[in-house]
Amino acid sequence: MSDASDAPQASGPAAAAGRPVRRSRRARGAAESLASVVLGFEAIVVFLGGLALYGLDALPAGIPAWWGIVLGSVLAVLMIATTGVLRYRWGIALGWFWQLVVVLGAIWVPALGLVGLIFGAMYAYATIKGGALDRRNAARAATNGD
């Protein structure tokens with residue numbers, strides 16, 4: 001068992017005043033930030049695409065139309081969850097996989113293919129240009145001794 005004396009003690013003016021000490025936020029790179037914005041907005045559009053699948057009754061025969069809402073909702077939630085793992089390379093790749101899934105939605109509603117291509121282009125820009133900005137910032141930090 002441990003008691004309160006084993007816990008790390010906070011120091012500084014906030015601790016002296018009895019206020020809770022805030023942890024500093026993890027620094028996010030440009031690629032992670034830009035890609036999360038794209039996936040967040042795309043999640044909204046994908047949910048609306050699911051509503052379109054439902055409203056147009058565009059799913060194959062034998063599949064109830066309400067599955068369109070389920071598919072759109074699940075994919076939107078998965079995209080939002082992916083924004084939490086974009087700091088890893090596999091998180092960026094997972095975002096690319098969701099882009100492919102949206103483009104494949106053109107099988108049922110051709111407009112989803114257009115949505116997938118537009119957001120895919122924005123995701124490509126976010127990951128490629130964001131990665132370049134991250135590399136440039138890392139090089140600057142290395143030369144400045146930060």
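Numbers here are sequence positions counted from 1. No hydrogens, no waters, no symmetry mates; every other heavy atom, side chains included, goes into these values.
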Where do Leu59 and Ile63 come nearest, in terms of heavy atoms and distance? CD1-CG2, 3.8 Å
Side chains of Val74 and Val70: closer than 4.5 Å at any heavy-atom pair? yes
Heavy atoms of other groups near Trp98 CH2, more than 12 under 6.0 Å: yes
Using atom types as modelled and distance alone, determine if a side-chain donor or acceptor of Arg135 lies under 3.5 Å from a backbone N or O of Gly131. yes
Exercise: identify the closest heavy-atom pair between Ala35 and Ala126: N-CB, 3.7 Å
Take atom OH in Tyr54; do more than 12 heavy atoms of anything else shown fall under 6.0 Å from it? no
Does any part of the side chain of Leu39, heavy atoms only, come nearer than 4.5 Å to the side chain of Gln99, both counted from C-beta? yes
Set of salt bridge (Lys or Arg N to Asp or Glu O under 4.0 Å) partners for Glu42, sequence neighbours left out: none
Shortest non-hydrogen separation from Gly130 to Ala30 and the atoms involved: O-CB, 3.7 Å
Is the shortest heavy-atom distance from the side chain of Phe119 to the side chain of Val102 under 4.5 Å? no
Same apolar cluster (I L V M F W Y, side chains within < 4.5 Å links), Phe47/Leu75: yes
Other residues, nucleotides and ligands only: do more than 12 of their heavy atoms fall within 6.0 Å of CH2 on Trp96? yes
Common cluster, Leu112/Val45, ILVMFWY with side-chain heavy-atom separation under 4.5 Å: yes
Are Met79 and Ile44 grouped together when hydrophobic residues (ILVMFWY) are joined by side-chain heavy atoms under 4.5 angstrom apart? yes
Separation of Ser36 OG from Ile80 CD1 (nearest 0.5 Å): 11.5 Å
Are Ile128 and Leu34 connected, step by step, through hydrophobic side chains (Ile, Leu, Val, Met, Phe, Trp, Tyr) whose heavy atoms are closer than 4.5 Å? no
Testing the basics here: between Gly95 and Tyr123, what is the closest heavy-atom pair and its distance to 0.1 Å? CA-OH, 3.4 Å
Are Leu53 and Leu100 connected, step by step, through hydrophobic side chains (Ile, Leu, Val, Met, Phe, Trp, Tyr) whose heavy atoms are closer than 4.5 Å? no
Taking atom CG of Asp57 and atom CH2 of Trp108, what is their separation to the nearest 0.5 Å? 13.5 Å
Partner of Glu32 by side-chain contact (heavy atoms from CB on, under 4.5 Å), out of Thr127, Leu86, Thr83, Ile92: Leu86
